[in-house]
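Report on one structure; see the data block that follows.
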Amino acid sequence: MTSTAAAPPPRAYRRLSVEERRAQLLVAALGLFAHRAPDDVSLDEVAVAAGVSRPLVYRYFPGGRQQLYEAALGSAADELKLCFTEPPVGPPTERVARVLDRYLRFVDEHDTGFSALLRGGSVVETSRTTTIVDGVRRAAAEEILSHLGRIGGTGPRGAGPRLRMMVRSWIAAVEAASLIWLDEGKQPPAAELRGWLVDQLIALLAATAATDEETASVVRDLLALESSDGPAGRLAELVIPVVAEAAHLLPHAPAAD
């Protein structure tokens with residue numbers, strides 16, 4: 001008799017739980033939304049990417065593409081918020097640099113979707129999606145304020161209006177720079193862009209401190225934690241010679257009697 005090899009046993013089928021199936025669909029959708037505008041992604045494509053049927057996608061997201069997009073956006077927003085979470089260890093500007101490294105990595109990995117999201121104009125853009133995006137911006141601002149030694153709300157350690165406005169303006173500048181970076185083919189390299197954005201934060205703090213005592217106090221505390229070879233020390237070394245060129249703009253000292 002001719003012996004035949006035994007057929008491999010069939011793989012056991014495991015039914016996914018509701019939470020696992022939903023997570024699977026969100027991962028598939030995020031992969032598509034990351035690199036294509038939301039308007040260009042169909043439920044059929046999400047089903048194919050997840051290896052399921054179109055009716056199954058509708059079973060979990062009866063609101064269709066809009067509901068799926070909002071759920072995927074919420075998941076991406078949670079991931080983006082984590083980019084700004086950094087332990088309060090080490091010089092503040094070095095913490096911010098690590099935050100920006102993670103943020104720019106996220107932008108790089110979700111390029112088309114990130115650009116479409118922040119530029120708006122999508123048919124899937126609603127007040128709910130706008131609220132999700134604004135929530136990320138506010139969470140990012142609170143995290144940056146915490147690294148500056150301030151917290152939200154009122155109280156001795158609460159951030160005042162000038163400081164809060166400055167930080168939120170910087171967050172907006174980071175967003176704008178990220179979009180331009182994508183338009184420019186992700187040039188300059190991410191590390192250079194990160195360094196420039198940290199420099200911008202330091203410069204904004206210095207400019208605001210000139211007319212706002214709270215920010216001046218924050219800057220004094222921040223500088224006490226910085227090192228000469230860190231972002232603040234490097235920027236000071238570069239800027240002080242430039243500022244020295246403006247000495248002629250200062251009021252002349254009164255002549256001695």
Side-chain angles (χ1 to χ4, degrees), residues 80-107 136-178 180-181 188-254:
L80 190 50
K81 288 176 184 177
L82 289 176
C83 292
F84 288 89
T85 303
E86 178 71 23
V89 177
T93 57
E94 294 181 16
R95 297 180 221 158
V96 173
R98 290 192 291 271
V99 162
L100 287 172
D101 279 337
R102 289 193 294 270
Y103 173 82
L104 291 174
R105 193 177 306 120
F106 180 94
V107 173
V136 174
R137 292 170 178 147
R138 291 180 182 278
E142 293 303 320
E143 287 293 334
I144 297 301
L145 283 169
S146 73
H147 293 304
L148 298 178
R150 291 295 185 269
I151 57 176
T154 59
R157 303 301 293 175
R162 290 285 298 279
L163 181 60
R164 295 187 69 84
M165 181 179 290
M166 188 227 80
V167 169
R168 292 183 65 183
S169 296
W170 179 74
I171 295 293
V174 169
E175 279 189 12
S178 301
I180 296 170
W181 185 61
E192 290 184 24
L193 177 58
R194 176 254 293 151
W196 182 64
L197 291 171
V198 174
D199 288 349
Q200 280 198 9
L201 177 60
I202 298 170
L204 280 171
L205 281 166
T208 308
T211 56
D212 181 58
E213 179 52 40
E214 180 202 6
T215 307
S217 174
V218 166
V219 170
R220 285 192 292 269
D221 293 343
L222 182 149
L223 291 177
L225 299 172
E226 294 293 319
S227 61
S228 60
D229 58 349
R234 178 185 55 78
L235 184 62
E237 183 178 7
L238 295 172
V239 168
I240 288 174
V242 176
V243 174
E245 296 295 326
H248 66 286
L249 299 177
L250 298 175
H252 294 296

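- Side-chain contact check for Arg164 versus Pro161: every heavy-atom pair is 4.5 Å or farther apart.
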Practice problem: Check the pair Arg137, Glu175 against side-chain contact (heavy atoms from CB on, under 4.5 Å), reporting the backbone distance first and the verdict last. | Solution: CA-CA 9 Å; Arg137 292 170 178 147; Glu175 279 189 12; 2.6 Å; yes
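- By the salt bridge (Lys or Arg N to Asp or Glu O under 4.0 Å) test, Glu245 is found to be paired with no residue, residues two or more places apart in sequence or in another chain being considered.
- For Pro188 against Glu192, the heavy-atom pair with the smallest separation is CB-OE1, 3.5 Å.
- In plain terms, the two heavy atoms of Ala140 and Ile171 that are nearest each other are CB-CD1, 3.9 Å.
- You'll find the side chain of Leu205 reaches within 4.5 Å of the side chain of Leu148, heavy atoms only.
- Across Pro231 and Asp199, no two heavy atoms sit closer than the pair O-OD1, 4.4 Å.
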Practice problem: Go through the steps to decide whether Thr85 and Val99 satisfy the test side-chain contact (heavy atoms from CB on, under 4.5 Å), and finish with yes or no. | Solution: CA-CA 7 Å; Thr85 303; Val99 162; over 6 Å; no
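- Between Trp170 and Val96 the shortest side-chain heavy-atom distance falls below 4.5 Å.
- Inter-residue side-chain proximity for Val174 and Ser178 is flagged as met; some heavy-atom pair is nearer than 4.5 Å.
- A distance of 6.5 Å separates CZ of Phe106 from SG of Cys83, quoted to the nearest 0.5 Å.
- The pair Glu213-Arg220 meets the salt-bridge criterion, since a charged nitrogen lies less than 4.0 angstrom from a carboxylate oxygen.
- A pairwise comparison of heavy atoms in Val219 and Ala209 identifies CG2-CB, 3.9 Å as the closest pair.
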Quiz item: Can you check side-chain contact (heavy atoms from CB on, under 4.5 Å) on Ser217 and Arg150, steps first, answer last?
Solution: CA-CA 11 Å; Ser217 174; Arg150 291 295 185 269; 4.0 Å; yes
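- Screening residues 89-100 for side-chain hydrogen bond (donor to acceptor under 3.5 Å, both in side chains) gives Glu86-Arg98, Thr93-Glu226, Arg95-His147 as the qualifying pairs, with residues at least two apart or on separate chains.
- When the side chain to side chain donor-acceptor pair (under 3.5 Å) test is applied to Ser227, the partners found at least two apart in sequence or on another chain are Asp229.
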Exercise. Evaluate the side-chain contact (heavy atoms from CB on, under 4.5 Å) criterion for residues Leu163 and Thr208: first the C-alpha distance (whole Å), next the side-chain angles of each, then the deciding distance (0.1 Å), finally the verdict.
Key: CA-CA 8 Å; Leu163 181 60; Thr208 308; 5.8 Å; no
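- Closest approach of Ala232 to Ile202, counting heavy atoms only: CA-CD1, 3.8 Å.
- When every heavy atom of Ala141 is checked against every heavy atom of Val167, the shortest pair comes out as O-CG1, 3.8 Å.
- Looking only at atom types and distance, the side chain of Arg234 has no donor-acceptor partner in the side chain of Ser228 under 3.5 Å away.
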